[in-house]
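Below is one structure, written out as structure tokens, with a few remarks after it.
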There are 2 protein chains.
Amino acid sequence: MALSRAAITGAGLEILDTYGLGDLSMRRVADTLGVQAGALYYHVPNKQSLLAALADEVLDAVDVPEAGLPLEEWLVAWASALRAALLARRDGAELVASSLALGLGGIDPTVPAVDRLAEAGVAMPGPTARALLHLVLGQAVTEQTQSQMHALGVLTSFDARRAEQDFACGVGIFVDGVSSRAPVAR
Amino acid sequence: MALSRAAITGAGLEILDTYGLGDLSMRRVADTLGVQAGALYYHVPNKQSLLAALADEVLDAVDVPEAGLPLEEWLVAWASALRAALLARRDGAELVASSLALGLGGIDPTVPAVDRLAEAGVAMPGPTARALLHLVLGQAVTEQTQSQMHALGVLTSFDARRAEQDFACGVGIFVDGVSSRAPVAR
DNA sequence: ACCTGAACACCGTTCAAGT
DNA sequence: ACCTGAACACCGTTCAAGT
């Protein structure tokens, strides 16, 4: 079977799940595919574009809530779906965070939220959606990193409940803030 | 002058400002100090602890608002001070973000905010402060990365006003949410 | 067109040996 | 105690040469 962009992405995902982002090297991807490292560059311009493709894969798995839900519930559901997708893959949150910061990746995860906010008549839907994204992303990165360090025995105590509480609290406050500014009374 | 932890941290800050986080290597720090790379390990256990020390330096520069301010104003002022400190140094936001995620670093930037929130009687001051931290941090990382990519000519358009608007909007909404839950009416 | 082999210019970290 | 010199086990990326 010939090498291809899809095969490289697939091997990347496999390595990501098995060894984590820190051990995902171009050389290891090449090894997995039984090929020399240089061969990858015939299909992929560089490592960052590979990482962007992997981040897109994570973001593709976000289960966007149905449009019928009331704004507050929709926002909480969207934040939960985003968080779930980020946590579903090893180092998913960190991968997406760096890919988004660099502006790479073909998927803008805020699009559905911007639409829903605009539909509800909320002012500044873009900045609002981006703020909620950053809140969820930052929390997920911290949670995932600490949970992995706990698994490695580096960190002695990791409280999954606290992480969930942090998430619920942060999103709840933010959504309340959106509500207090929304043109429609609840 | 003999090598020391302080000298290493100083050289690290210099390299950070001049070349950025991506080019901050132990070997370069050693070169700057006119010493072999291995010598650093007599004073610093590893690279991550050096990065944590640099992150502490960034967080030390946060100008905590005076306690007399009303809660809402205090939170906005704190978020602004945090953002200013992160943006003051090259790659400051990314440095602090990764250091915080790893749980390294001697400084917990949320401490003043937790105190102020607790004093105001807000429920769950810890999760609330952490949520606001993540919001500010995520926005700052994105802003700093994009501004640097713009300076390098990689990104054609970078709107500093949009970044500021994103920040003001996100923090504003969040603080409104805190307000709507606070026990004291405004 | 697609891949190999080999190189270039780096990394973080360790450690015997010197002073 | 503190540093050098040299090594170990890696990196991302490039590119002539082969098929």
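Treat the numbers as computed from the prediction; the structure is a model and nothing was measured. Here is how names work: the chains are called A, B, and so on, in the same order as the sequence lines, proteins then strands, and each is numbered from 1.
- If you take CG of B/Leu3 and P of D/dC2, they are 10 Å apart, rounded to a whole angstrom.
- When the C1' atom is compared between C/dC11 and D/dA7, the two are found 14 Å apart, to the nearest whole Å.
- With respect to the salt-bridge test (charged N to carboxylate O, under 4.0 angstrom), the residues A/Arg90 and A/Asp17 do not qualify.
- Classification of A/Glu94 and A/Arg89 as a salt-bridged pair fails, no side-chain N sitting under 4.0 Å from a carboxylate O.
- Going from the C1' atom of C/dC10 to that of D/dC8 covers 15 Å, rounded to whole Å.
- Nucleotides D/dC3 and C/dA16 place their C1' atoms 13 Å apart, quoted to the nearest Å.
- When every heavy atom of B/Ala120 is checked against every heavy atom of B/Leu71, the shortest pair comes out as CB-CD2, 3.8 Å.
- In this structure, A/Leu40 places its CG atom 9 Å from P of C/dT4, rounding to the nearest Å.
- Each of A/Pro127, A/Pro125, A/Pro112 was evaluated against A/Leu117; a single residue qualifies, A/Pro125, per the side chain to side chain contact (heavy atoms under 4.5 Å, CB included) test.
- Here the closest heavy-atom approach between residue A/Ser49 and residue A/Arg5 is recorded as OG-NH2, 4.2 Å.
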Heavy-atom contacts, protein to nucleotides 5-15 of chain C, under 4.0 Å, summarised as B (base), S (sugar-phosphate only) or - (none) per nt, yield B-B---BBBBB

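- Taking side-chain N and O atoms only, A/His43 has no distance below 4.0 Å to OP1 or OP2 of C/dA1.
- To the nearest 0.5 Å, the span separating CD1 on B/Ile8 from CE on B/Met26 amounts to 7.0 Å.
- Side chain of B/Val35, nearest nucleotide from C/dA1, D/dT4, D/dA1: D/dT4.
- Look at OH on A/Tyr42: it is 18 Å from P on D/dG18, rounded to the nearest Å.
- A pairwise comparison of heavy atoms in B/Ala52 and B/Ser99 identifies CA-OG, 3.8 Å as the closest pair.
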Pairing string of DNA chain D (Watson-Crick or G-U wobble, both atom distances under 3.5 Å; | = paired to other strand) is ||.|||||...|||||.||

Exercise. Kindly determine whether A/Leu135 and B/Phe174 satisfy side-chain contact (heavy atoms from CB on, under 4.5 Å), including the steps that lead there.
Key: CA-CA 10 Å; A/Leu135 206 152; B/Phe174 189 85; 4.2 Å; yes

